[in-house]
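Here's the structure, in structure tokens; my notes come after.
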Amino acid sequence: MLQNQLQLLRRQLAYPKISIQLSILGLLAGICASAFILAFRWVLENVQLLYLDNPDDFTSLNTFFHLILPFIGIALIALLGWFTDFKYFRLGIPFVIYRLKAFYGMMPMRNTINQFFGGIIAMSSGFSVGREGPAVHLGAGAASYLAAGLKLPYNSVRTLSACGMAAAISASFNTPLAAVIFVMEVVLREYKIHIFVPVMLASVAGATANRFVFGHEHDLSTLDINLLGIQHYPYLVFMGVIVGCFAFAFNRQLIEIIRSFKYVNMIPRLALAATVTAIIGAIVPEALGIGLGAISIAQQETGNAQLLMTVFISKAALTFFAIGLGIPGGIIGPILGLGMMLGTLLALMASIFIGDVHDYADIYGVLGLAALMAACLNAPLAALVTALEMTYNPDIVVPAMLVIVCAHVVSSQIFRNRSLFLLQLETQKLDYQSPPTYDILQKTGVLAAMTRNFILIKRKDDEALKRALDRAGKRPVILKEDHPDGTSFKLVNYNVSLDPLQNSPFSFEDLQGVESRYTLAEPYEILQDRRSGSVYIFADQLDQIIGVISWEQLRLRLTKGSYQVFE
């Protein structure tokens, strides 16, 4: 009974449409991802509190610990990589985007283990990396393991992975709407209603879990946001231009470091990252950490331009070497910190043109944060919603839209800057693009398209074949042949060849098998060279045939764009 219910569930999920089943699974994926993230964040904060006064505040440590802590961190990261195999040390959001495109979001277990413990070690050691990279990776992993356990179709696995990412971001930052927009705009890069609804449910689960454990506070909720007058708006355009230029320089410099050290072994790269972090951290400890410390400095030292500039430059350098040299962690946290400081510095500059803007330093900092995120990641809507949710103040919306648009246009149109994640994928030679044909076909599972009404025969004598074909009508006739080395299936037809040497009244077409979890992209890949023929679909074993898909069905799918043609 349970097996039949699971089969019915898998068939329902194979269709690219919203359903109660998919929504419930999205919620379950969100709960699983939230559990991963809450555990990750709880362990991280409690490890840091063993030697820090406050999480992510490394200014309380003495110089000796600033010098030694990064080396302890890379030793533990290297040990972790040795235990789990170094080839499983591709981590973070770029790797998740790659797995989403190439493997429907299925995440290797060892990568997830490396991300969980490696992220905790890196952030506890003071490296300038963010927690959103591990969050997205762990969320996608948790959701994909749930889908793998239920043996769901791969098109729905992709959706559930997106649900896990949204829940993870929401649980990590208490920003449910920003999490949904980020996943749709940056990771999936498409808006489909059958994906949107379960992703929203998963994000609700993440935010609820975060608020239950850590409360309702946001990282920027204590800022003093004052409404900007119209006299500030011309300067905001100038601010957007400056941020757009910096975003291009930031992306380019980071990619250059990744490219320069791409062929250097992992241990020397980690050692260099630790050396740079130790030296700069000992001189400017305010620049260490995931970015929250930098945000605090921008809030507390609004009038100290020299300190802000020193921390800003140091933070940028630490981020370049940490991310560029392979320290496990995310890039968004440091970007938020850098953007906050850049916005605050630009507020000090605004005093020359507008007069004293001390009361507006916080809102300028948030505008810089949102604009830099938008320009670096090519995610203007996600950046806008992030600023809105993290401040909990609607007065930020209109000026943020102006600065974000200016920064994004300058970065993308003048400098041809693209998303930092895509640049990282190209530098690492991870293929994240697929032809439009595959994009269409990957959205529908073979269970939704296959012909279930077929005739299976096991005798190859002419009389049995003729009887089967006579009563088949439009149904396919499949011949099953058992061999010492396995079982094969052939599609049987009447022979219409004009070859006089062909004695048999029947023709046989060898069928290749496709597992029932796959999408229509896999049969298409098998048949595209011939532009004809069929494949058979099997459940758990190669000899357990449950359906047939022909090239004509795939062609109809591409031309009509509707799953109804298969019913």
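Just so you know, residue 1 is the first one in the sequence shown, and it goes up from there. In what follows, every heavy atom counts, from backbone to side chain, and hydrogens, waters and symmetry copies are set aside.
The list of side chain to side chain donor-acceptor pair (under 3.5 Å) pairs with a residue in residues 139-159, not counting sequence neighbours, reads Thr112-Tyr145, Arg158-Glu190. Each side chain to side chain donor-acceptor pair (under 3.5 Å) pair with one or both residues in residues 19-33, not counting sequence neighbours, would appear here, but there are none. For residues 319-335, every residue pair satisfying the side chain to side chain donor-acceptor pair (under 3.5 Å) rule, not counting sequence neighbours, is listed here: Ser128-Thr319.
Side chain of Ser170 to backbone of Ala166: no donor-acceptor contact under 3.5 angstrom is found. No donor-acceptor pair under 3.5 Å is formed between the side chain of Gln512 and the backbone N or O of Val535. Judged by distance alone, with hydrogens and angles left aside, the side-chain atoms of Ser203 form a donor-acceptor pair with the main-chain N or O of Pro176 at under 3.5 Å. Using modelled atom types, one side-chain atom of Gln553 and one backbone atom of Ala449 make a donor-acceptor pair closer than 3.5 Å. Using a distance-only test at 3.5 Å, with no hydrogens or angles considered, a donor-acceptor pair links the side chain of Arg10 to the main chain of Leu150. Not one N or O on the side chain of Lys315 forms a donor-acceptor pair closer than 3.5 Å with the backbone of Met341. In this structure, the side chain of Asn251 engages the main chain of Arg418 through a donor-acceptor pair within 3.5 Å. For Tyr536 (side chain) and Leu542 (main-chain N/O), a donor-acceptor pair under 3.5 Å exists by modelled atom type. Under the 3.5 Å distance criterion, the side-chain polar atoms of Lys262 are left unmatched by any main-chain donor or acceptor of Gln428. Side-chain atoms of Ser411 do not come within 3.5 Å of backbone N or O of Ala407 as any donor-acceptor pair.
For Phe212, the CZ atom is loosely surrounded, since the number of other residues' heavy atoms within 6.0 Å does not exceed 12. Summarising the local packing, CZ of Arg452 is surrounded by more than 12 heavy atoms from other residues, nucleotides or ligands at distances under 6.0 Å.
Electrostatic pairing of Lys101 and Asp439 counts as a salt bridge here, judged by a charged N lying under 4.0 Å from a carboxylate O.
Looking at Leu9 and Leu25, their side chains come closer than 4.5 Å, going by heavy atoms from C-beta outward. Here the side chains of Leu369 and Met373 are not in contact, with every heavy-atom distance at 4.5 Å or above. Looking at heavy atoms from C-beta onward, Tyr191 lies in side-chain contact with Ile181 at the 4.5 angstrom threshold. In this structure, Glu515 and Ile537 have side chains that are not in contact, with every pair of non-hydrogen atoms separated by 4.5 Å or more. Residues Phe196 and Val180 form a side-chain contact, since some pair of their non-hydrogen atoms from C-beta on lies under 4.5 Å apart. No side-chain heavy atom of Glu389 sits less than 4.5 Å from a side-chain heavy atom of Phe173. Looking only at side-chain heavy atoms (C-beta outward), Ile77 and Pro328 come within less than 4.5 Å of each other. Taking 4.5 Å as the limit, some side-chain heavy atom of Ile327 sits within range of a side-chain heavy atom of Phe127.
Atoms CG and CG, on Leu152 and Leu22 in that order, are 9.5 Å from each other to the nearest 0.5 Å. How far CG of Asn174 is from OG1 of Thr208: 9.0 Å, rounded to the nearest 0.5 Å. Put simply, CG on Leu336 and CD1 on Ile290 are 9.5 Å apart, with the number rounded to the nearest 0.5 Å. Atom-to-atom distance recorded for Leu430:CG and Ile97:CD1 is 10.5 Å, nearest 0.5 angstrom. The CG atom of Leu138 sits 5.5 Å away from the CD atom of Gln115 when rounded to the nearest 0.5 Å. To the nearest 0.5 Å, the span separating OG1 on Thr451 from CD1 on Ile546 amounts to 12.0 Å.
Partner Leu388 forms a side chain to side chain contact (heavy atoms under 4.5 Å, CB included) with one of Ile396, Leu177, Val366 and no other, that one being Ile396. Applying side chain to side chain contact (heavy atoms under 4.5 Å, CB included) to Ile93 and the options Leu425, Leu377, Leu420, Ile332 leaves one that passes, Ile332.
Of all heavy-atom pairs spanning Leu511 and Ser534, the tightest one is CD2-O, 3.4 Å. Here the closest heavy-atom approach between residue Pro134 and residue Gly119 is recorded as CG-CA, 4.4 Å. The shortest non-hydrogen separation linking Val96 to Ala140 is CG1-CB, 4.1 Å. Shortest non-hydrogen contact noted between Ala521 and Tyr104 is CB-OH, 4.2 Å. Taking every heavy atom of both residues into account, Asn210 and Leu38 meet most closely at CA-CD2, 4.2 Å. The shortest non-hydrogen separation linking Gly324 to Ile258 is CA-CG1, 3.6 Å.
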Item to complete: Give the intermediate values and the outcome of side-chain hydrogen bond (donor to acceptor under 3.5 Å, both in side chains) for residues His137 and Asn111.
Response: CA-CA 9 Å; His137 192 129; Asn111 289 82; 5.2 Å; no
Worksheet item: Passes side chain to side chain contact (heavy atoms under 4.5 Å, CB included), Phe182 versus Glu132? Steps please.
Response: CA-CA 11 Å; Phe182 180 84; Glu132 79 293 328; 5.8 Å; no
Discussion item. Is there a side-chain hydrogen bond (donor to acceptor under 3.5 Å, both in side chains) between Arg557 and Thr444? Walk through the geometry before answering.
Written reply: CA-CA 10 Å; Arg557 171 63 183 169; Thr444 306; 2.9 Å; yes
Worksheet item: Given Val237 and Cys406, is the side chain to side chain contact (heavy atoms under 4.5 Å, CB included) satisfied, shown in steps?
Response: CA-CA 6 Å; Val237 174; Cys406 295; 3.9 Å; yes
Discussion item. Evaluate Glu522 against Thr519 for side-chain hydrogen bond (donor to acceptor under 3.5 Å, both in side chains), listing each step before the verdict.
Written reply: CA-CA 6 Å; Glu522 282 70 31; Thr519 67; 3.0 Å; yes
Worksheet entry | Test side chain to side chain contact (heavy atoms under 4.5 Å, CB included) applied to Leu346 and Val243, step by step | CA-CA 10 Å; Leu346 289 171; Val243 174; 4.2 Å; yes
Fill in: side chain to side chain contact (heavy atoms under 4.5 Å, CB included) between Ser161 and Leu100, worked out
CA-CA 8 Å; Ser161 292; Leu100 201 69; 4.0 Å; yes
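Classification of the Phe248-Phe415 ring pair by plane angle, with boundaries at 30° and 60°, yields parallel.
Here the two rings, on Phe320 and Phe250, have centers that are under 6.0 Å apart. Ring pair Tyr524/Trp551: centre-to-centre distance below 6.0 Å.
Cation-pi geometry between Arg131 and Phe40 is not satisfied (NZ or CZ under 6.0 Å from the ring centre, within 45° of the ring normal).
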